Amino acid sequence: MLKQVVLLIFPFYCFAQISGTVKNNDNQPLSGVDVLITSTSVLIQTDSQGNFTLNYDIPSNTLIYFSKEMYEGKSLIYKKGDNISVQLEKLYIDIDEVVVSSLNQKLSTNQTVNIQSVNMNQLNASSFDLVEGLAQISGVEAISTGNGIRKIVVRGLSGTRVVTLMNGVRVENQQWGGDHGIGFTDLGIGKVELVKGPASIMFGADALGGALYFSDENYTSKKKIQSKINSTFESSSMRFNNQLSLKWTHKELKSNTFVEYGNAADYQLPNKRYLFNSRYSNLALKTALGYNMENWVMNLRYQYNYNILGLPGHSHDKEPSIQQLTSSSQNRYPTRPTQFNTQHLIKLENKFYFGTKTLKATLSNSTNRLEEFEAWTVAEIDMTLGSTQLNLDYSMPITERFKWTLGTQAALMNTKNKAARTQLLPDATTTDFGAFSLLEYNKGSFSSQAGLRYDTRSIELTNSTFSKDFNAYSATLGVSKKGENQHIRLSYSSAFRTPHFSELLANGVHHGTQRYEIGEVNLTSEKGNQLDLSYEWANQHLGLIINPYYHIITDFIALNPLDSTINNYPVYRYEQEDKVSIKGVEMNLHFHPHFAHQLHIEESITLLEGKNENNFLPLMPANKFQTLVKYYFEKRQKRVQLHHLFFDYTYHSAQNKVAQNERVSEQYGLINLGLNIVLNNRPDFALTLGVKNITNKSYISHLSRLKNYGIPHEGRSYFIKLSSTI
Amino acid sequence: MKKVLIVLSAGFLFSCTNSDDCHECHIAWENAQGQEIEVELGEFCGAELSDLESNGDTLLEPVVVGMDTVPAAYYPGSSIHCEEHADH
């Protein structure tokens with residue numbers, strides 16, 4: 001019956017078939033190669049003969065991307081009736097692996113802006129949290145409030161200066177608050193792309209520091225339901241996290257569903273005591289339904305996240321001791337103060353293919369409810385942020401080498417307060433509209449791009465006559481040239497961020513940050529301009545990337561402490577600085593010695609400095625040096641196979657370049673160790689065992705919000721990660 | 001193997017809930033030195049807890065706590081603290 005209903009709703013007009021073969025340099029068939037149909041987000045794997053088949057047609061001019069670990073990725077443009085045959089070359093160094101961007105469907109070799117793409121399964125094996133994993137990337141750090149609340153910092157900027165997108169939709173999760181985390185986990189996410197620096201041309205207002213673009217896992221091409229679990233356990237916080245995924249497809253109709261539950265108790269400090277109320281839990285559901293015809297691709301996606309987050313470091317004393325904030329016993333049940341964060345996000349995406357032209361229309365709606373409780377039954381803050389967004393993109397080739405993309409983005413956001421003790425922000429409506437034009441040129445190994453965008457934003461209070469309008473132009477210009485062993489990119493980009501109405505109108509206690517915040521109604525937009533140069537060189541055994549940048553921001557909005565208190569809370573006021581600059585360099589080195597092909601050594605270095613005219617900027621990450629050593633074991637004919645051993649060492653230098661009234665931070669180095677095990681007869685099974693902070697080092701990150709209390713991060717922690725089909 | 005994994009997943013999923021909704025409460029009063037002085041009110045549950053946290057409480061007579069005297073007065077909900085603290 002279900003089948004008949006499905007067939008009635010989604011008639012299958014096309015019964016074409018796409019097939020092909022993938023081989024290696026020696027013309028031998030390659031099995032297990034990922035074949036990604038980018039237009040429909042379907043992933044196929046080649047069989048033992050190197051063959052793959054898809055039993056329905058896809059839009060002509062679809063980019064198909066072939067990849068396999070330790071092989072150089074390859075792509076081709078599909079034309080109807082093509083006989084697909086691809087050869088992949090062995091690759092030892094994958095320092096800047098060729099990938100297809102979900103942002104603009106371009107190969108990374110043709111990108112003129114600095115977009116770093118990371119598959120979720122590539123993130124550091126000793127990371128248990130999405131943000132913690134992303135913070136392993138050079139130029140990226142995390143602001144943390146214990147383990148439960150983490151915010152991404154890109155090149156020293158965070159909060160409303162970094163835009164987060166989920167499958168192309170802006171995630172509006174009240175990121176204005178210093179204690180408001182990212183709000184979702186890695187559930188069902190296949191890839192994240194990171195734009196470092198101004199990115200307003202693609203994403204509009206607020207993308208001043210950069211953008212994080214998350215893309216869901218691809219659909220399967222297999223008819224049988226594919227089910228998989230991912231489980232993790234970590235000893236320091238006795239944290240467990242379980243994810244279950246179900247994937248199913250029937251011809252052009254595809255479906256993915258994911259569920260997750262995780263729970264962490266108070267984490268253990270190096271001195272064996274526990275940080276009181278660092279406990280948290282998360283519940284999540286994500287589902288996607290996809291359908292395509294020859295010239296049309298549709299995706300309907302929904303996700304739900306519910307987080308209960310303890311707020312550690314709470315005391316009624318002005319200067320509590322660390323003894324007052326820690327316990328001798330560990331507990332996981334919610335206490336107070338606690339944040340409850342509920343997020344719903346629904347999105348409908350339609351892509352229409354007219355020959356070589358593409359029209360993409362995306363409509364989405366999200367709600368985010370943030371409740372902060374210090375009492376058990378009465379909320380301190382209870383706010384809901386609703387957001388409706390409509391995006392339209394039209395791209396067309398003008399000539400063989402020129403491509404033109406036009407687009408508009410519109411958004412309506414409503415902030416509403418519910419009954420609570422405090423109303424930190426008033427009810428308000430924010431309306432955005434932006435339009436952009438992007439021209440791309442590609443000739444062989446040379447690419448360039450130029451773009452211009454205009455945005456308007458209007459903020460109106462619901463119960464007052466207060467309103468404010470902002471408008472700004474943004475631009476981008478970039479060139480990229482790829483040689484045999486080297487690749488160079490140079491880009492200029494600009495962006496703007498309008499003041500959030502918390503910065504304009506705040507006047508009250510923000511319990512999450514334990515401070516009294518005062519807004520300034522005359523703030524204007526921040527404007528950022530960045531120059532970014534990236535040079536890559538690689539041969540078979542050594543790869544190197546050097547990426548210096550210089551970012552100037554005018555009318556920078558800072559939250560500065562005043563020398564006063566209100567109701568025992570320190571008073572902070574939003575103020576505007578004429579000009580600040582952030583400069584830095586990121587370097588990556590990948591060494592794969594000829595004499596030991598099983599050994600991979602990766603080094604990454606992040607150096608950064610943020611200054612205004614007289615002082616350093618607050619909350620600028622310390623310089624970071626990371627070393628990752630991986631040893632891959634020889635394949636044996638045994639059921640249990642040791643796959644690889646990893647050792648990573650991260651050193652953060654002391655941060656003495658601090659703002660007025662900001663504390664300096666000491667240097668620290670952390671060592672993690674792990675072993676990955678697979679089963680030869682079950683390719684989808686993987687077990688990782690390891691230890692984090694193996695020396696039980698007591699350390700405090702410069703970006704920890706608990707730094708001023710002298711509370712260190714967690715001590716030594718043992719972990720297990722299990723991934724398996726069921 | 002498959003059954004073990006399913007049982008483990010089911011066991012972990014939704015395994016932690018808290019049914020305890022009774023809490024020890026006190027009036028928090030700040031003395032001249034800025035220290036918080038507590039006047040214990042006892043344990044409150046359900047509707048009583050909600051009423052106390054919403055509407056506060058009135059001390060009909062001054063209460064001596066150590067060297068301090070907490071004055072007889074009305075104390076609003078924001079002065080009533082029922083949250084737990086670390087066990088030090």
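In this text the structure is predicted, and so the values were computed from the model without any measurement.
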Please indicate whether A:I225 has more than 12 foreign heavy atoms, meaning atoms of other residues, nucleotides or ligands, lying under 6.0 Å from its CD1. no
Spacing of B:E84 atom CD and A:N331 atom CG [to the nearest 0.5 Å]: 7.0 Å
Close contacts, residues 49-61 of chain B versus chain A, judged by heavy atoms under 4.5 Å: B:L49, B:S50, B:E53, B:S54
Under 4.5 Å from any heavy atom of chain B, what part of A:S329 do you find: side chain, backbone, both or neither? both
Any donor-acceptor pair under 3.5 Å linking the side chain of A:W376 with the backbone of B:C82? yes
With sequence neighbours excluded, tell me which residues meet salt bridge (charged side-chain N to carboxylate O under 4.0 Å, His left out) with A:R421. A:E380
A:N681, CG: over 12 other non-hydrogen atoms inside 6.0 angstrom: yes
With side chain to side chain contact (heavy atoms under 4.5 Å, CB included) as the criterion, how do A:E374 and B:E83 come out once you've worked through the C-alpha distance, each side chain's angles and the decisive distance to 0.1 Å? CA-CA 7 Å; A:E374 197 169 310; B:E83 76 270 26; 4.1 Å; yes
Set of side chain to side chain contact (heavy atoms under 4.5 Å, CB included) partners for B:E36, sequence neighbours left out: A:H316, B:H26, B:A28, B:E38, B:H81
Partners of B:N31 by side chain to side chain contact (heavy atoms under 4.5 Å, CB included), sequence neighbours excluded? B:W29, B:Q33, B:Q35, B:I37, B:D68
